[in-house]
Each structure stands twice: as structure tokens, then as C-alpha cells.
Amino acid sequence: MPKKRKGNEEEEEGDKNDNLVRPKVGAEMPKGRPSWFRVPAPSQQEKSRYSEVKSSLADLNLHTVCEEAQCPNIGECWNGGTGTIMLLGDTCTRGCMFCAVNTDSKPPPPDPFEPFK
């Protein structure tokens with residue numbers, strides 16, 4: 001973090017008690033993950049928003065990037081009532097190396113009823 005000069009004193013910008021560990025070249029790596037890195041698990045309660053979104057998508061036979069890519073933040077989005085729908089099935093033609101979505105250069109033909117979902 002950049003430092004400000006105040007007279008002869010150097011003062012870091014921002015909160016002094018932010019508890020962030022900033023690695024230095026050649027220093028030992030920090031142990032564990034920061035608190036903000038952890039995401040709460042999705043709610044499994046029957047009347048939760050997560051359950052509503054999940055059942056709606058299942059009823060309509062729609063595929064989401066959230067499920068297909070095994071996103072660890074699925075609960076955060078679905079509890080907020082949002083999700084990213086995959087059009088024309090569950091297969092992607094891009095084949096990104098970092099993504100867990102099923103890929104194929106020639107995906108199966110689309111469901112003829114897809115526009116009505």
C-alpha cells in the first residue's frame with residue numbers, strides 16, 4: 001500500500017488495523033486463507049430463495065453456468081435470486097482451460113422447445 005509522508009513520519013493510507021498480510025519477495029507465505037475468502041454454504045431450507053431458484057430451474061429443465069462450472073459461489077447468487085442461464089443446452093464450444101463446463105466442438109442439437117422455457 002502506498003505511504004504518505006507527514007513531516008518525518010510515514011503513515012500508510014487506509015485503516016492501520018486491516019489485518020491484511022502482504023507477502024514480500026523471499027518471505028514465508030502466509031498461513032491459511034483470509035476471512036473474506038470463505039463463502040457460506042447455500043441454504044438447504046425448503047423455503048429459501050436458493051431452493052426456489054433450484055426448483056424453478058429444474059422444473060424448466062434449464063442449465064446454468066453456476067451448476068455446470070461447479071461454481072463455489074452458487075449460494076451467494078441463488079440466495080439473491082439470480083443465476084446465469086446457458087442457452088442451447090449444457091455444452092459450451094469454447095473450451096476454456098479454467099472452466100469446468102462440459103465442452104464439445106460439435107454440441108448436440110438444441111432442444112426444439114428451448115425458446116418456450
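Just so we're clear, the structure is a prediction, and the values are computed from it rather than from any experiment. Here, residue 1 is the first one in the sequence, and each next residue gets the next number.
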Show the atom names and distances, to 0.1 Å, of all donor-acceptor pairs under 3.5 Å that link a side chain in residues 48-62 to residues at least two apart or in another chain.
from, atom 1, to, atom 2, distance (Å)
S48, OG, Q45, O, 3.1
S48, OG, S51, N, 3.2
S48, OG, S51, OG, 3.1
S51, OG, Q45, O, 2.8
S55, OG, S51, O, 3.1
S55, OG, E52, O, 3.1
S56, OG, E52, O, 2.9

Show me the side-chain donor-acceptor pairs of residues 102-114 shorter than 3.5 Å, one per line, residues at least two apart or across chains.
from, atom 1, to, atom 2, distance (Å)
D104, OD1, K106, N, 3.1
D111, OD1, F113, N, 3.1
D111, OD2, K117, NZ, 3.0
E114, OE2, L88, N, 3.4

Validation: residues 67-74 side-chain donor-acceptor distances under 3.5 Å, sequence neighbours left out:
from, atom 1, to, atom 2, distance (Å)
E67, OE1, T64, OG1, 3.4
E68, OE2, H63, ND1, 3.4

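In terms of heavy-atom proximity, W78 sits nearest to G83 at NE1-CA, 3.9 Å.
Judged as a ring pair (Phe, Tyr, Trp, His ring centres under 6.0 Å), not a single pair has a partner in residues 83-108 (not counting sequence neighbours).
V101 shares a hydrophobic cluster with V65, M86; the chain of contacts runs through ILVMFWY side chains whose heavy atoms sit under 4.5 Å apart.
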